[in-house]
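Note sheet for the following structure.
Remember, it's a predicted structure, so these values are computed and weren't measured experimentally. To find a chain, count down the sequence lines: A is the first, B the second, and so on, and within it residues start at 1.
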Number of protein chains: 2
Amino acid sequence: MTTMKAAQRQAQAKEEYNAFLAVCPSRQLLDRISDKWVVLILCALGGDAAPQGPGAPRAMRYSELSRLLAGVSQKMLTQSLRSLERDGLLTRTVTPTVPVTVTYELTDLGLSLHRTTREIRYWAQAHMGEVLAHRDDYDTSAS
Amino acid sequence: MTTMKAAQRQAQAKEEYNAFLAVCPSRQLLDRISDKWVVLILCALGGDAAPQGPGAPRAMRYSELSRLLAGVSQKMLTQSLRSLERDGLLTRTVTPTVPVTVTYELTDLGLSLHRTTREIRYWAQAHMGEVLAHRDDYDTSAS
DNA sequence: GTGCCTACTTCCCGTTGGAGAGTTTCTCTC
DNA sequence: GAGAGAAACTCTCCAACGGGAAGTAGGCAC
């Protein structure tokens, strides 16, 4: 496996995995990353949260993420971060200061997924108006 | 609003909406589209399910989608399709044949989102190997 | 009438996610 | 030296969501 180049491996993977099949492992991966908190965490660590447009990816502390992702529960934040770490999308670093400092940073794999989660968030923000307009039409015509 | 060009409207929307805020409507939209069934429905209607690589987007029947999205419950399929219709991402057409035929087809708005959901699915399938490999490392080193 | 077909809808129940309080470890204050 | 405080969880309880299976509606075929 390690003798294959990444491009070859990916081309082969595209043949082997099919997320439409319930039993396919890529379906489970899709389930995991199709999650609001996962998308927002990747966007945050990818640097999209900077007020003046998207900045560079950077490591962030637990409390910083907690503040940024308004409304996330501590339980879900910890849980999501752990599963992303397990899947190799980010690294968790504990620095024994006092109190302890824990930082999270995207890996290369995480950065590659961030490119598309960024698009998702952009899409939602850019097309919000159209969606709201359509909801109004739908609701009025349904009455 | 209708006097603005789409590009202008979107540029303005990017300023106004911020999905990191819990109260922002774009956050609710992000929650909706960050859903495994929504992603798979968009991929299916976008033509990604053709065996010989991605085909053209096309209308599909309820039963066809139900078969394609292995493991989806009827309840969730109906529910997801209705919310996508309400948001203007797809159209629902009832043809009074016997028995009745219901087809779903992506709108232009749906097609624009499909471009990124396709990427999500591709990413999951292409990087599955790396994720599985990392999980193994993680599990062994944690023991 | 009985059965069958598609496309749902309803009901029950197990799993998941949210709210909030408790925990740990150390340091700084009084 | 008792108590407050801070970061990063962890635990407990409860409501909401999703899956499975069974029921429904309308029309035709037998």
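Regarding contacts with the backbone of C:dG18, a side-chain N or O of A:W37 is found under 4.0 angstrom from either OP1 or OP2. One finds a side-chain N or O of A:K36 lying less than 4.0 angstrom from the OP1 or OP2 phosphate oxygen of C:dG18. The side chain of B:R67 contributes no N or O atom lying less than 4.0 Å from OP1 or OP2 of C:dT6. Residue A:R61 has no polar side-chain atom (N or O) positioned under 4.0 Å from OP1 or OP2 of D:dA7. Remark: A:R92 is not in phosphate contact with D:dA8, judged by side-chain N or O atoms under 4.0 Å from OP1 or OP2.
C:dT16 atom C1' lies 15 Å from atom CG of B:D31, rounded to whole Å. Atom P of nucleotide D:dC17 and atom NZ of B:K75 are separated by 10 Å, given to the nearest angstrom. The CE atom of B:M60 sits 15 Å away from the P atom of C:dT6 (whole-angstrom rounding). Nucleotide C:dT9 holds its P atom 9 Å from the OH atom of B:Y62, rounded to whole Å. Whole-Å rounding puts the B:M76 CE to C:dT15 C1' distance at 14 Å. What separates CG of B:L77 from P of D:dA21 is a distance of 17 Å, to the nearest Å. At whole-Å resolution of the value, CD in B:Q74 and P in D:dG23 are 14 Å apart. C:dG18 atom P lies 12 Å from atom CG of A:L69, rounded to whole Å.
When each of B:E85, B:R92, B:E64 is paired with B:Y104, the side-chain hydrogen bond (donor to acceptor under 3.5 Å, both in side chains) condition holds for B:R92 and for no other.
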Exercise for the section: Could you give me the CA-CA distance, side-chain angles and deciding distance for A:L84 and A:L106, then say whether side chain to side chain contact (heavy atoms under 4.5 Å, CB included) is met? Expected result: CA-CA 9 Å; A:L84 290 173; A:L106 291 182; over 6 Å; no
Practice task
Begin with the C-alpha distance, continue with both residues' side-chain angles, and end with the deciding distance and a verdict on side chain to side chain contact (heavy atoms under 4.5 Å, CB included) for B:L81 and B:L65.
Solution key: CA-CA 10 Å; B:L81 287 168; B:L65 284 167; 4.1 Å; yes
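Between B:Q79 and A:S63, the residue whose closest nucleotide on DNA chain D is further toward the 5' end is A:S63.
Taking every heavy atom of both residues into account, B:A19 and A:Q125 meet most closely at N-OE1, 2.8 Å. Closest approach of B:Y17 and B:P25 over heavy atoms only: CE2-CG, 3.4 Å. Closest approach of A:H114 and A:L42 over heavy atoms only: CD2-O, 3.2 Å.
In terms of modelled atom types and a separation under 3.5 Å, the side chain of A:S34 and the main chain of A:L30 share a donor-acceptor contact.
The stretch residues 97-105 of chain A touches DNA chain D through A:P99, A:V100, A:T101, A:V102, A:Y104, each having a heavy atom under 4.0 angstrom from the strand.
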